Enquirer: 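Just passing along the structure, written as structure tokens.
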Amino acid sequence: QVQLVESGGGLVQAGGSLRLSCTPSARTGSTYDMAWFRQALGKEREFVAAVWRSGGTTYYADSVKGRFTISRDNAKNTMYLQMTDLKPGDTAVYFCAARRTRILSDFAVSASRSNEYNHWGQGTQVTVSS
């Protein structure tokens, strides 16, 4: 069982930046796709971004495209979410997720579906003040 631990959340003013990290308990570089989801208070969990096993292919929700960057360093066994130009609407608990990798042609088709992922972190709070 892969356990995921997020870090890096906090309170930031609108327009600011934060970087989230996700560290799995086992090596995931060649066998797992990884993703970030978020859940705002009273709302359903929503997809943010995903990265294929090699890190070379990424996929984003339209709401964060151009502001957030997902990446992974397989040598350090860590995934990141660099968030810039943060808005109050980005306030949520951010979750790291992992799944057994798919072939590249299937990656983007399924990457945004939360039920595709069977490993989840506990979440880290991101609060953006106006």
Side-chain angles (χ1 to χ4, degrees):
Q1 179 78 0
V2 176
Q3 295 181 330
L4 306 173
V5 178
E6 304 98 335
S7 62
L11 174 64
V12 64
Q13 289 189 328
S17 299
L18 279 175
R19 188 176 79 159
L20 306 182
S21 299
C22 173
T23 303
S25 60
R27 303 296 297 185
T28 57
S30 62
T31 55
Y32 285 85
D33 301 334
M34 300 188 73
W36 290 97
F37 287 76
R38 67 186 182 186
Q39 188 167 16
L41 194 62
K43 296 187 177 181
E44 292 189 354
R45 191 169 298 187
E46 66 173 1
F47 171 74
V48 175
V51 59
W52 197 49
R53 64 176 183 256
S54 70
T57 300
T58 57
Y59 182 59
Y60 295 92
D62 287 343
S63 59
V64 306
K65 204 172 294 184
R67 299 188 298 124
F68 291 10
T69 302
I70 189 171
S71 63
R72 64 192 297 172
D73 185 336
N74 287 337
K76 295 182 179 179
N77 199 39
T78 302
M79 178 182 67
Y80 304 99
L81 185 68
Q82 179 68 50
M83 305 184 292
T84 63
D85 190 23
L86 282 160
K87 306 177 186 302
D90 295 317
T91 295
V93 177
Y94 283 70
F95 296 91
C96 171
R99 68 173 187 186
R100 284 287 184 176
T101 192
R102 303 290 192 270
I103 60 174
L104 185 55
S105 59
D106 290 345
F107 169 70
V109 171
S110 61
S112 62
R113 301 173 191 159
S114 60
N115 60 3
E116 286 278 331
Y117 298 85
N118 52 358
H119 303 285
W120 291 88
Q122 293 298 308
T124 185
Q125 176 72 46
V126 172
T127 303
V128 184
S129 63
S130 58

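Everything numeric in this text was worked out from a predicted model, so none of it was measured. Starting from 1, each residue takes its place in the sequence as its number.
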Enquirer: Are Tyr59 and Tyr94 joined in one hydrophobic group, where the rule is that I, L, V, M, F, W and Y side chains link up if heavy atoms are under 4.5 Å apart?
Expert: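 The answer is no; the residues belong to distinct hydrophobic clusters.
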Enquirer: State, with a plain yes or no, whether a side-chain heavy atom of Thr58 is found less than 4.5 Å away from one of Phe107.
Expert: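 Answer no - side chains too far apart.
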Enquirer: Which atom pair, heavy atoms only, marks the closest approach of Ser129 to Leu11?
Expert: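 Scanning both residues completely, I find the closest heavy atoms to be CB-CD1, 4.4 Å.
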Enquirer: Looking at Arg38 and Ala92, what are the two nearest heavy atoms and their distance?
Expert: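 Looking at all heavy atoms of both residues, the closest pair is CB-CB, 3.8 Å.
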Enquirer: With a 3.5 Å distance limit and no angle check, can you tell me whether Gln3 reaches the backbone of Ser25 through a side-chain donor-acceptor pair?
Expert: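 No; zero donor-acceptor contacts below 3.5 Å.
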Enquirer: Any side-chain heavy atom of Trp120 within less than 4.5 Å of one from Arg45?
Expert: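 Of all side-chain heavy-atom pairs linking Arg45 with Trp120, at least one is under 4.5 Å.
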Enquirer: Going by heavy atoms in the side chains, are Arg100 and Tyr32 under 4.5 Å from each other?
Expert: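 Yes - at least one pair of side-chain heavy atoms lies under 4.5 Å apart.
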Enquirer: Can you get from Trp36 to Phe47 by hopping between Ile, Leu, Val, Met, Phe, Trp and Tyr side chains that sit under 4.5 Å apart?
Expert: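 As far as the 4.5 Å side-chain criterion goes, Phe47 and Trp36 are not connected within one cluster.
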Enquirer: Evaluate the criterion side-chain contact (heavy atoms from CB on, under 4.5 Å) for residue pair Leu20 and Phe95; output intermediate values, then yes/no.
Expert: CA-CA 10 Å; Leu20 306 182; Phe95 296 91; over 6 Å; no
Enquirer: Distance from Ser112 atom OG to Tyr60 atom OH, nearest 0.5 Å?
Expert: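 One gets 14.5 Å once the value is rounded to the nearest 0.5 Å.
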Enquirer: Which heavy atom of Ile70 sits nearest a heavy atom of Ala35, and at what distance?
Expert: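 Closest heavy-atom pair between Ile70 and Ala35: CD1-CA, 4.3 Å.
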Enquirer: Are Asn77 and Thr23 close enough that a side-chain donor and a side-chain acceptor fall under 3.5 Å?
Expert: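 Looking only at side-chain atoms, Thr23 and Asn77 do not form any donor-acceptor pair under 3.5 Å.
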Enquirer: Can you tell me if Glu6 uses its side chain to pair, donor with acceptor, with the backbone of Gln122 under 3.5 Å?
Expert: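 The answer is yes, because a donor-acceptor pair under 3.5 Å joins these two groups.
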Enquirer: Using side-chain heavy atoms (C-beta onward) and a distance below 4.5 Å, is Trp52 in contact with Asp33?
Expert: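 Of all side-chain heavy-atom pairs linking Asp33 with Trp52, at least one is under 4.5 Å.
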Enquirer: Answer with yes or no whether the hydrophobic clustering places Met83 together with Val48; edges join I, L, V, M, F, W, Y residues whose side-chain heavy atoms lie under 4.5 Å apart.
Expert: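 They do share one cluster, since a chain of ILVMFWY contacts under 4.5 Å joins Met83 to Val48.
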Enquirer: Cation over ring, Arg99 on Tyr117, under 6.0 Å and within 45°?
Expert: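 Yes, Arg99 sits over the ring of Tyr117.
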Enquirer: If you count every heavy atom of other residues, nucleotides or ligands that lies below 6.0 Å from Gln125 atom CD, does the total exceed 12?
Expert: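 Buried by this count: over 12 neighbours within 6.0 Å.
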Enquirer: Do Leu4 and Met34 have side-chain heavy atoms sitting under 4.5 Å apart?
Expert: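 Side chain of Leu4 against side chain of Met34, heavy atoms only: contact under 4.5 Å found.
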Enquirer: Kindly indicate whether the side chain of Arg67, heavy atoms from C-beta on, has any atom under 4.5 Å from the side chain of Asp90.
Expert: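 The answer is yes; the side chains approach within 4.5 Å.
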Enquirer: Which residue pairs pass the salt bridge (Lys or Arg N to Asp or Glu O under 4.0 Å) test with at least one member in residues 9-18, sequence neighbours excluded?
Expert: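 Listed once each, the pairs would be none.
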Enquirer: When rounded to the nearest 0.5 angstrom, what distance separates CG in Leu104 from OG1 in Thr57?
Expert: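 Answer rounded to 0.5 Å: 4.5 Å.
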Enquirer: Are any side-chain N or O atoms of Thr91 and backbone N or O atoms of Val128, one a donor and one an acceptor, separated by less than 3.5 Å?
Expert: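 Checking the backbone N and O of Val128 against the side chain of Thr91, a donor-acceptor pair under 3.5 Å is found.
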Enquirer: Over all heavy atoms of both residues, which pair between Gly9 and Val126 is shortest? Give the atoms and the distance, please.
Expert: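 Closest approach of Gly9 to Val126: CA-CG2, 4.2 Å.
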Enquirer: Flag the pair Met79 / Thr28 as yes when at least one side-chain heavy-atom distance between them is below 4.5 Å, and no otherwise.
Expert: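 Of all side-chain heavy-atom pairs linking Thr28 with Met79, none is under 4.5 Å.
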Enquirer: Would you indicate whether Gln82, at its atom CD, is surrounded by more than 12 heavy atoms from other residues, nucleotides or ligands within a distance under 6.0 Å?
Expert: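 Buried by this count: over 12 neighbours within 6.0 Å.
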Enquirer: Atom CZ in Arg53, atom CD1 in Ile103: separation rounded to 0.5 Å?
Expert: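 Taking CZ in Arg53 and CD1 in Ile103, the distance rounds to 9.5 Å.
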Enquirer: So, taking the atom named CG in Asn74 and the one named OG in Ser54, what distance separates them when rounded to the nearest 0.5 Å?
Expert: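 Asn74 CG to Ser54 OG: 7.5 Å, rounded to 0.5 Å.
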Enquirer: Evaluate the side-chain proximity of Val12 to Ser17: yes if any heavy-atom separation is below 4.5 Å, no if none is.
Expert: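 No; the side chains remain at least 4.5 Å from each other.
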Enquirer: To the nearest 0.5 angstrom, please state how far the NZ atom of Lys87 sits from the OG atom of Ser130.
Expert: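 If I round to the nearest 0.5 Å, the distance is 12.5 Å.
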